[in-house]
Amino acid sequence: MSGKIPKYFINDLLYRTNIIDLINTRIKLKKQGKNYQANCPFHNDKTPSFTVSYEKQFYYCFGCNTHGNAIDFLINYENLNFIESIEELALIHGLSIPFETKIISEKNDYFKKQKLYLLTEKISQLYQKNIMLTSSAYDYLIRRGISKKMMQLFCIGFSSFTWDVFFKKLNIKKEFEIELLNYQMIFINKNNKINDPFRGRIIFPIHDKYGRTIGFGGRTIKNILPKYLNSTETNIFYKGKQIYGLYQVKKKHSKPKYLLVVEGYIDVIMLTQHKIDYVVSSLGTSITKEQVKILFQNTDTVIYCYDGDDAGKNAAWRTLKITLPYISDQKTIKFIILPKNEDPDSIIQKEGAKNFQLRIKNALTMSKFFFKNILKGVNLSSNDDKFYLSVRALPLINCISSDTIRIYLRQILARIIGILDDDQFEKFLYQKKQENKISQYKNKQTPMRTLIGLLIQNPNLSNLVTSTKKLTNSKTKGIPIFLEILKTCSENAFSNTGQLLEFYRNNKIINILKSLSIFDHMIVEDKIKTVFLDLLNNIHKKDLEKRQEYLIAKERTKGLTIYEKKEIWSINKKLKNS
């Protein structure tokens with residue numbers, strides 16, 4: 001690494017950096033003798049085992065043995081690579097990295113990033129200036145209830161409907177336009193006109209933790225699709241690693257008690273305007289692991305707030321599953337599900353801040369939300385449903401790192417099932433697994449059961465079926481169920497079994513689907529597609545053979561019509577080629 005960045009510069013950076021100050025801005029350190037201590041951020045630490053030495057400018061965890069200097073801490077805690085950690089420290093101290101001249105690519109990457117920061121900030125300022133000069137955009141925000149103060153705090157702007165208007169109105173220099181084109185922040189369309197991808201949109205700048213503008217979200221004020229648009233990813237902007245509004249929250253609260261995560265830009269702004277100033281957004285409904293890590297680096301409690309429609313409820317459940325591995329004795333999550341057809345923006349304007357604060361106060365704990373959702377459609381008077389509940393719940397519970405929370409959730413699950421003793425719970429699970437194996441053995445593994453089971457466990461297999469014409473008139477037992485599921489998968493593009501089962505929750509075939517969802521087909525993963533297609537072909541082949549047998553028998557007793565003779569000739573040809 002020293003061949004890319006001079007060793008003297010790295011040493012100087014470490015000399016200038018106080019590791020205590022660096023770490024203390026991210027996790028709370030307590031002085032213990034001549035050292036500082038905290039619960040380790042790198043493993044589920046019940047007692048403080050993470051020690052930082054001012055003298056050595058070094059940290060060490062007696063629990064997981066993680067150790068290193070300021071650079072190592074940034075690499076491990078912020079998920080940075082070596083070059084990025086040097087850039088981070090250089091930025092803190094206001095220094096430029098003197099890359100060695102023989103290393104061209106790293107130097108170019110560094111300067112490209114610096115140029116992108118500069119250009120993004122400059123065009124952001126132009127957008128902000130433009131909104132004050134564009135009555136339609138400014139009036140739109142006022143109608144939405146957003147104050148001028150909020151426009152300034154979040155640096156809201158507007159991109160004109162054409163670049164020419166924007167260019168002339170803001171008196172933009174040609175040199176700046178060329179730079180924007182070079183960095184693909186604007187582009188030339190098929191009519192040889194310059195276009196801003198955000199044209200005709202309210203602009204919401206996205207800031208990193210230092211307040212640098214790194215990208216934008218845009219909301220159309222006319223019927224232009226899509227309604228919301230984010231910047232394409234660049235050297236400085238990765239959507240899945242950014243949290244909108246976090247910079248504004250951190251300006252007011254260095255370590256917020258909790259963070260409220262909502263879906264939209266305007267939701268963040270409107271709640272902040274109502275004095276709820278710990279609101280952020282994950283830049284969409286699907287949160288990422290990286291975003292969860294960032295949230296927990298900044299607070300111990302994350303409250304997710306989702307709209308009350310089906311999409312919002314499904315997003316909340318996905319978020320829970322993504323977040324579970326990062327929950328610990330210190331880190332927890334809660335959920336607010338708003339009434340149907342409401343979002344944070346609409347409901348706070350109807351109810352006011354005081355009532356919304358009550359929603360926050362009464363947010364569902366992780367355990368309540370977990371069991372409320374996983375119990376949907378489960379018949380607790382049925383032992384099979386109880387076992388199915390365990391099969392769904394236990395893998396999720398077991399991915400939590402905290403022993404305390406895992407045991408607590410398992411105990412709740414056992415009580416729901418009606419078992420109060422842990423040993424009895426384990427015996428119940430073992431017994432049901434054995435019964436399930438026996439049941440599978442008794443229920444002969446027919447081709448149709450295997451075919452349906454494969455489809456339920458891999459809904460994307462529906463993409464392999466280009467036509468169902470061959471199967472429509474099949475008399476094979478189970479074909480109607482297979483065709484029904486195939487049609488549902490094709491129309492809904494399910495990505496997993498859980499989504500498919502949820503679709504049939506109150507349907508009469510749900511118990512069949514549940515049993516086949518855990519059906520052990522004993523087929524290795526890379527052979528599943530081949531077996532699936534072979535089974536389809538074999539079912540069609542058997543249908544042809546049955547029809548062939550019928551026609552042959554008829555020919556011997558009654559004779560065949562000209563059409564039936566043509567049919568049997570066609571069947572013989574197909575079977576010969578199959």
Side-chain angles (χ1 to χ4, degrees), residues 44 240-241 243 258-264 267 278-340 342-344 359-378 388-417 494-503 505 517:
N44 184 28
K241 295 183 179 180
I243 303 288
Y258 48 82
L259 288 170
L260 179 67
V261 183
V262 295
E263 292 183 45
D267 294 328
Y278 36 81
V279 192
V280 296
S281 168
S282 58
L283 302 178
T285 54
S286 297
I287 202 163
T288 66
K289 294 175 182 179
E290 288 78 10
Q291 288 170 328
V292 172
K293 289 178 186 176
I294 294 168
L295 291 168
F296 276 137
Q297 284 169 8
N298 288 281
T299 189
D300 291 336
T301 304
V302 177
I303 304 173
Y304 294 109
C305 179
Y306 285 98
D307 300 352
D309 56 13
D310 289 341
K313 289 174 184 176
N314 291 337
W317 182 244
R318 283 197 307 272
T319 296
L320 172 75
K321 291 195 286 188
I322 291 168
T323 309
L324 281 175
Y326 304 97
I327 291 171
S328 69
D329 296 342
Q330 292 80 34
K331 307 289 184 183
T332 190
I333 58 174
K334 295 182 179 182
F335 286 87
I336 299 170
I337 304 298
L338 297 175
K340 198 170 184 179
E342 298 285 5
D343 56 33
R359 291 185 181 276
I360 294 171
K361 185 180 178 181
N362 297 323
L364 286 171
T365 61
M366 181 274 293
S367 58
K368 285 183 179 177
F369 181 79
F370 179 82
F371 285 107
K372 181 181 177 182
N373 279 270
I374 212 156
L375 282 167
K376 284 179 183 174
V378 174
Y388 175 68
L389 170 64
S390 302
V391 168
R392 283 186 67 201
L394 284 173
L396 295 173
I397 292 171
N398 291 338
C399 76
I400 298 171
S401 61
S402 165
D403 294 338
T404 309
I405 298 171
R406 274 202 321 275
I407 292 168
Y408 173 65
L409 293 178
R410 282 174 69 93
Q411 286 174 343
I412 295 175
L413 179 61
R415 285 199 296 273
I416 289 170
I417 290 171
F494 294 125
S495 60
N496 57 57
T497 304
Q499 290 173 311
L500 177 58
L501 293 178
E502 184 65 32
F503 186 88
R505 182 176 292 280
S517 70

Side chain to side chain contact (heavy atoms under 4.5 Å, CB included) partner of Cys305, chosen from Asp267, Ile360, Leu338, Val279 = Leu338

query = Is any side-chain heavy atom of Ile287 closer than 4.5 Å to a side-chain heavy atom of Leu295?
reply = yes

key: Nearest heavy atoms of Glu263 and Tyr306, plus distance in Å   = OE2-CD2, 3.1 Å

key: Atom of Ile412, atom of Phe371 and distance for their closest heavy-atom approach   = CG2-CE1, 3.4 Å

key: Separation of Gln297 CD from Lys293 NZ (nearest 0.5 Å)   = 8.5 Å

request  = Taking the side chain as every heavy atom from C-beta outward, state whether Asn373 and Lys313 have any pair of such atoms under 4.5 Å apart.
outcome  = no

ask   = When Phe370 is tested against each of Thr365, Ile333, Leu396 for side chain to side chain contact (heavy atoms under 4.5 Å, CB included), which residue passes?
value = Leu396

query = What is the distance from atom CD1 of Ile303 to atom NZ of Lys361, rounded to the nearest 0.5 Å?
reply = 12.5 Å

ask   = Would the number of heavy atoms belonging to other residues, nucleotides or ligands and lying under 6.0 Å from CG of Asp310 be above 12?
value = no

ask   = Got a second to check how far Ile416's CD1 is from Leu375's CG, nearest 0.5 Å?
value = 4.5 Å

query = Do the non-hydrogen side-chain atoms of Thr332 and Asp300 ever get within less than 4.5 Å of each other?
reply = no

key: Lys334 NZ: over 12 foreign heavy atoms closer than 6.0 Å   = no

query = What distance do Lys321 atom NZ and Cys399 atom SG have between them, rounded to the nearest 0.5 Å?
reply = 10.5 Å

key: Pairwise ring pair (Phe, Tyr, Trp, His ring centres under 6.0 Å) hits with a residue in residues 320-340, at least two apart   = Tyr304-Phe335, Phe335-Phe369

key: Straight-line distance of Leu324 CG to Ile400 CD1, nearest 0.5 Å   = 4.5 Å

message = Looking at every heavy atom in both Ser401 and Ile327, which two are closest together, and how far apart are they?
response = OG-O, 3.4 Å

request  = Please lay out, stage by stage, how Thr323 and Met366 fare under the test side chain to side chain contact (heavy atoms under 4.5 Å, CB included).
outcome  = CA-CA 10 Å; Thr323 309; Met366 181 274 293; over 6 Å; no

request  = Report the residues that fulfil side-chain hydrogen bond (donor to acceptor under 3.5 Å, both in side chains) with Thr288, sequence neighbours left out, ordered by chain and then residue number.
outcome  = Gln291

inquiry  = For the CD atom of Gln330 and the OG1 atom of Thr301, what is their distance to the nearest 0.5 Å?
reply    = 11.0 Å

ask   = Do you know which two heavy atoms are closest between Val302 and Thr299, and how far apart they sit?
value = CG2-CG2, 4.0 Å

ask   = What is the minimum heavy-atom distance between Leu409 and Ser367, and which atoms define it?
value = CD2-CB, 3.7 Å

key: Contact summary for Ile337 and Asp307, nearest pair of heavy atoms   = CG2-O, 4.3 Å

